Amino acid sequence: MNWLIDFFGNPDNWSGPDGIPVRLLEHLEFSGISLLLAMLIALPLGLWIGHTGKGALFAILSANAARALPTLGLLVLIVLLMGVGTIVPVLIPLVALAVPPILVNTYEGLRGVDPDLRDAAYGMGLRGSEVLGRVLVPVALPLILLGLRIAAIQVVSTATVAAYVGLGGLGRFIVDGLATKDFPRTIGGAVLVALLALIVQLGFALVQRVMVSPGVSQRQTIR
Amino acid sequence: MIKFDRVTKRYADGTVAVDDLSLEVPTGEITVFVGPSGCGKTTSLRMINRMIDATEGQILLDGVDVKTIDPPTLRRGIGYVIQQAGLFPHRKIVDNVATVPYLLGWDRKKARDRAMELLERVGLDLKMADRYPFQLSGGQQQRVGVARALAADPPVLLMDEPFSAVDPIVRTSLQEELLRLQAELNKTIVFVTHDIDEAIKLGDRVAVLRVGGRLAQLADPPTLLARPADDFVREFLGRDRGIRRLSFVSDEGLRLRADLTVSASADVSTVRGTDEPWLAVVDGENRPLGWASVKDLPDAGTLADVRLAPYGTFVRGRDSLRGALDAALLSPSGSAIAVDEEGRAEGVATREALDEALGKVAGGVGA
Ligand SMILES: Nc1ncnc2c1ncn2[C@@H]1O[C@H](COP(=O)(O)OP(=O)(O)O)[C@@H](O)[C@H]1O
Ligand SMILES: [Mg+2]
């Protein structure tokens, strides 16, 4: 407890380029950009594969391969190849981390939709894109959001690795704290990361509540 | 009119689901495709709205080959009801019903008004409109499925075992609802079922298919029951074929006797002398009360004091010969009381009269 007070109570930790606000913003920048890129890749791909049924095997295999990549190892390798100076070396492993859960959950979500429902939708005269957008996505939304949530939490937690290669983010407190045996600093950094992950979790619960139809989540509507 | 002209469907794996099928589905009638599981009913139905494309032959919808129409456009003009209803779980009932009107670009208010009108028509409480499908029973969902298919007022309705997944009581009420709706709407309906009783109850015409997708017989229900084309159809029709046929024979040929009804206020002495063993006793408004056994009449009093035996009635001009026979079997007199729509006695169909009418039916089966 004292360590937490040491760290969070110290006004020096709240300002300057090594202060909590700056580090937090850096962390959010890495995470946000990575997640956005991962969504841009994985959502359309997952929707396409889930809707057409084409390329499912390819998607599963490459998602598994991407999962097997060691994030830190990949990061070090990229830094060795590209050098530091931009945030790109951090983004690549984080995107690789975030794509599989989004891709797989989107694909599985669509594939899991009751075939009778799909059939009825076509039978009513919906076109392929209308079936996807108006029926399959709304019904598969809980799983799609689950994929995004898993990806976001992993990215937020793992973005700490940026510090190992000299970049910023909340990982700095952990790495620097360890290097200088400043344990309050290390623990303070870890607590910040955990808090951030918690906030992401809550944020998604909220999004889920707003975006998913009560008919899908089977929440009783009041009447 | 829908016309199948030498239609064959061969699936990619070589299964011939429908083989050289030619038949016509007349406008404004219910045509039922019936047959054992796997005989190609669903395939035949789904070729009409191009959910499946025929391998050979043509399906003409009012003279136009369906293959020349873009499938979504074609389907928006054809109502489609499936076994599991297939309602959109994320949409409220009213929006489910308005699906096709929305697709056709109706304005929202008009589409929803139309949806509400249809919910009422298919016998659903309007409170259901704002619910989601998971909050409805299977039977209610099926009603919504029918309302949804009717929303844009398509001339043609395709129904694939729509009532097979609900319990028998609900099924009966859904069947009756469909007949009632059809009497108002006069749609061209193709109805698929594996249940021959359902086929006979609903169909103006019934197409019996055999496995391999070949047409075994196409006929109206009485003809089907009276003259099955071959052993397959006979076997498929099952037991009680003769009795079931009577449902289609009007009671009009049944001779009624007016002299067998007596008022409850009549004195016992006035009827004692009759040769008849049983008399139908009616009240002051001519409504049946029961049968009086003449040999067991008391010595004095009116017929109102007599213990009456149970009776059965049939509505003259509405019930079939089967209804009359059933009514006769409900009474120890062996005769049935004919009543009008208000329940007033019109006369009695005696055993002899029933016998005579049944004889005519049996004679009509032909050699
Ligand atoms: N997509 C398909 N691929 C291959 N065979 C199929 C397919 N759909 C149906 N069949 C086969 O075609 C035959 C007719 O099927 P179907 O029309 O569904 O029959 P029914 O509706 O009368 O039970 C069956 O033997 C069935 O196994
Ligand atoms: Mg079928």
Side-chain angles (χ1 to χ4, degrees), chain A residues 43 47 50-54 105-106 108-148 204-223, chain B residues 42 45-46 48-52 69-93 95-104 125 127-136 141 144-145 148-152 154 157-162 165:
Chain A
L43 277 180
L47 290 177
H51 187 40
T52 62
K54 288 180 193 146
N105 280 286
T106 303
E108 291 286 357
L110 293 194
R111 215 187 52 143
V113 174
D114 182 357
D116 280 337
L117 184 58
R118 193 188 282 251
D119 198 67
Y122 280 107
M124 295 289 105
L126 276 75
R127 292 176 193 280
S129 58
E130 291 166 336
V131 173
L132 180 65
R134 298 195 195 181
V135 181
L136 300 185
V137 169
V139 173
L141 202 54
L143 261 184
I144 297 175
L145 289 176
L146 175 69
L148 288 173
F204 269 96
L206 201 71
V207 168
Q208 173 114 5
R209 184 104 201 165
V210 174
M211 285 181 66
V212 176
S213 157
V216 171
S217 51
Q218 309 218 334
R219 280 199 308 273
Q220 295 290 336
T221 45
I222 319 112
R223 70 185 49 258
Chain B
T42 296
L45 185 83
R46 284 160 67 88
I48 299 172
N49 64 355
R50 293 195 63 189
M51 291 295 283
I52 297 172
I69 310 171
D70 151 67
T73 311
L74 175 71
R75 292 172 195 152
R76 285 169 201 195
I78 297 179
Y80 186 45
V81 188
I82 58 176
Q83 185 177 343
Q84 298 299 342
L87 301 182
F88 299 162
H90 59 294
R91 293 219 183 133
K92 291 181 174 173
I93 296 304
D95 295 317
N96 261 287
V97 175
T99 301
V100 179
Y102 289 156
L103 284 176
L104 294 174
D125 192 330
K127 281 209 299 275
M128 305 285 168
D130 282 327
R131 296 200 182 157
Y132 288 94
F134 80 95
Q135 296 168 307
L136 269 58
Q141 292 193 26
V144 177
R148 178 173 69 172
L150 290 171
L157 215 55
L158 308 180
M159 311 182 82
D160 192 353
E161 310 235 6

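Because the structure is a prediction, the values reported are computed rather than measured. A note on names: the letters A, B, ... follow the listed sequences, proteins ahead of strands, and every chain is numbered from 1.
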query: About how many Å separate OG1 of Thr73(B) and CZ of Arg127(A), when rounded to the nearest 0.5 Å?
result: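 Between atom CZ of Arg127(A) and atom OG1 of Thr73(B) there are 5.0 Å.
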
Return the minimal non-hydrogen interatomic distance between [X] and [Y], and the atom names on each side.
{"X": "Tyr132(B)", "Y": "Pro214(A)", "result": "OH-CD, 3.5 Å"}
{"X": "Gly125(A)", "Y": "Pro72(B)", "result": "O-CB, 3.5 Å"}
{"X": "Asn49(B)", "Y": "Gly123(A)", "result": "ND2-O, 4.4 Å"}
{"X": "Gly86(B)", "Y": "Leu117(A)", "result": "O-CD1, 3.7 Å"}
{"X": "Tyr80(B)", "Y": "Met124(A)", "result": "O-CE, 3.4 Å"}

Please classify the contact of [X] with chain A as side chain, backbone, both or neither, using a heavy-atom distance under 4.5 Å.
{"X": "Leu104(B)", "value": "neither"}
{"X": "Arg50(B)", "value": "neither"}
{"X": "Pro133(B)", "value": "neither"}

Interface moiety of [X] toward chain B, non-hydrogen atoms closer than 4.5 Å:
{"X": "Leu126(A)", "value": "both"}
{"X": "Asp116(A)", "value": "both"}
{"X": "Arg118(A)", "value": "neither"}

field: Ionic contact status for Glu130(A) with Arg75(B), cut-off 4.0 Å
entry: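 Here Arg75(B) does not pair with Glu130(A) in a salt bridge, since their nearest N and O are not under 4.0 Å apart.
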
task: Pick whichever of Arg91(B), Gln83(B), His90(B) has the most heavy-atom pairs under 4.5 Å with chain A.
output: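 The option with the most such pairs is His90(B).
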
field: Non-neighbouring partners of Gln208(A) that pass side-chain hydrogen bond (donor to acceptor under 3.5 Å, both in side chains), sequence neighbours left out
entry: none

